[in-house]
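For reference, positions follow the sequence shown, starting with 1. The figures here come from the full heavy-atom set of this structure, side chains too, leaving out hydrogens, waters and symmetry mates.
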Amino acid sequence: EDHFVLSSMESGPYQGCVDYFIENELDHRIWHEVGNGFLCVALIVYISVNPTLLNTYKFNLVSLLLVTLMYAFGFVGFFSVPYANCYHEHTTYLTLTSKLMTVSYTFKQYFILHSLIRTPLILKYSTIGLIISLLFPTFLFIIPAADIIFDYEIFSDIMISNGLICVCGFTNLGVSIWLTLTGQTNESSFPVIIIVYEILHAFPDAIKIVSIIHDFRLFMSVENYDDIAFFITAVFTFFVLFKEKRKLA
């Protein structure tokens, strides 16, 4: 594995970019994503050992945790290479880890939307509801997927596609609040968990999209905030699941 990584680094990073990162003390720290990975595994195990929790969350929360775990793997793999962002052309290793990140990052919000609307639509419209819950998020997913994952450059500025993902995050926040207030949770705490998740992630993501071009230091400051955002969400999720487990006992 070391030989694979090292042999893929032959071209080396662009020195001007490296100097910029050093001068501005910019660094993508990987340890918070290592921690996020462990939290994902712990939550998956905690849910899996309880048949009732597993039945409730296997197609939403557990699947979301697996997507988050995939992103953590990609992030740690990509940024374990010093100044990974400074390579003119991504090597095989950087391409694989970068794709793992972009696929999970792009897919996550649309999967959350599907998971939120699936059960209410099925209860109301049966099979037609299931089809709608699949097609609607997929339709919204097509443009960001083509632009970010497959590099089709649909827009001259990739921030437009990132903005669409961010809009989906706010949509998820609105839908989860609506489902909770109207009692359409189907005895699941998933919408409540998503409310906390999106409050902690959608707003910072919007700031990052606005600041990445004009104020990269602000972008990195908000990026560093992400070190604790998922931790807070995970702790809240453990608390919610613990209360559910006690009710079942």
Side-chain angles (χ1 to χ4, degrees), residues 32-73 75 104-123 129-130 133-134 136-137 140-141 165-206 208 222 225-249:
H32 77 281
E33 286 296 344
V34 173
N36 289 351
F38 278 111
L39 287 171
C40 287
V41 172
L43 280 167
I44 291 170
V45 171
Y46 188 78
I47 294 170
S48 299
V49 296
N50 186 291
T52 303
L53 289 181
L54 182 60
N55 185 59
T56 302
Y57 294 108
K58 60 186 175 183
F59 293 127
N60 44 48
L61 182 56
V62 171
S63 300
L64 176 60
L65 289 168
L66 289 172
V67 174
T68 305
L69 184 61
M70 185 170 76
Y71 178 85
F73 271 121
F75 188 99
S104 52
Y105 165 75
T106 309
F107 176 71
K108 185 188 298 183
Q109 293 292 8
Y110 299 98
F111 174 77
I112 291 174
L113 179 58
H114 163 70
S115 299
L116 287 170
I117 65 177
R118 181 181 62 240
T119 299
L121 286 175
I122 290 176
L123 291 175
L130 175 61
S133 75
L134 289 168
F136 180 60
L140 297 176
F141 173 70
I165 296 173
C166 189
V167 168
C168 188
F170 283 106
T171 302
N172 293 338
L173 177 59
V175 171
S176 56
I177 291 174
W178 178 71
L179 291 175
T180 302
L181 292 178
T182 56
Q184 299 184 68
T185 60
N186 196 36
E187 299 184 352
S188 167
S189 297
F190 184 69
V192 176
I193 293 170
I194 294 303
I195 291 174
V196 174
Y197 177 87
E198 294 295 4
I199 287 175
L200 293 174
H201 288 83
F203 289 98
D205 283 348
K208 285 192 289 186
V222 179
Y225 158 81
D226 284 347
D227 292 7
I228 62 170
F230 185 77
F231 175 79
I232 295 172
T233 307
V235 171
F236 176 77
T237 303
F238 269 118
F239 175 74
V240 169
L241 294 176
F242 177 75
K243 286 190 66 177
E244 281 194 31
K245 195 172 181 180
R246 290 197 62 176
K247 287 181 180 179
L248 295 171

*Asks:* Quick one: side chain to side chain contact (heavy atoms under 4.5 Å, CB included) partners of T185, sequence neighbours excluded?
*Replies:* T180, P191
*Asks:* So, using side chain to side chain contact (heavy atoms under 4.5 Å, CB included) as the criterion, who are the partners of V41 when residues are at least two apart?
*Replies:* V45, L69
*Asks:* Can you name the ring-ring contact (aromatic ring centres under 6.0 Å, His included) partners of F38, sequence neighbours left out?
*Replies:* none
*Asks:* For F230, give me all partners under ring-ring contact (aromatic ring centres under 6.0 Å, His included), at least two apart in sequence or on another chain.
*Replies:* none
*Asks:* Applying side chain to side chain contact (heavy atoms under 4.5 Å, CB included), name anything that partners K243, two or more places apart in sequence or on another chain.
*Replies:* F239
*Asks:* Quick one: side chain to side chain donor-acceptor pair (under 3.5 Å) partners of Y71, sequence neighbours excluded?
*Replies:* none
*Asks:* Which pairs would a plain distance check flag for residues 194-201, meaning a side-chain donor or acceptor within less than 3.5 Å of a matching protein atom at least two apart in sequence or in another chain?
*Replies:*
{"residue": "Y197", "atom": "OH", "partner": "K108", "partner atom": "NZ", "Å": "3.3"}
{"residue": "E198", "atom": "OE1", "partner": "Q109", "partner atom": "NE2", "Å": "3.4"}
{"residue": "E198", "atom": "OE2", "partner": "N172", "partner atom": "ND2", "Å": "3.3"}
{"residue": "H201", "atom": "ND1", "partner": "Y197", "partner atom": "O", "Å": "2.8"}

*Asks:* Which atoms form the tightest heavy-atom contact between I117 and F136, and what is the distance?
*Replies:* CD1-CD2, 4.3 Å
*Asks:* Under the ring-ring contact (aromatic ring centres under 6.0 Å, His included) test, which residues partner F242, sequence neighbours left out?
*Replies:* none
*Asks:* Can you list every ring pair (Phe, Tyr, Trp, His ring centres under 6.0 Å) pair that touches residues 40-66, not counting sequence neighbours?
*Replies:* Y46-F238
*Asks:* Could you tell me which residues satisfy side chain to side chain donor-acceptor pair (under 3.5 Å) with S189, sequence neighbours excluded, listed by chain and number?
*Replies:* E244
*Asks:* Report the distance from atom CG of L43 to atom OG1 of T237, rounding to the nearest 0.5 Å.
*Replies:* 6.0 Å
*Asks:* Considering residues at least two apart in sequence or located in another chain, which fulfil the side chain to side chain contact (heavy atoms under 4.5 Å, CB included) criterion with L130?
*Replies:* R118, I122, S133, L134
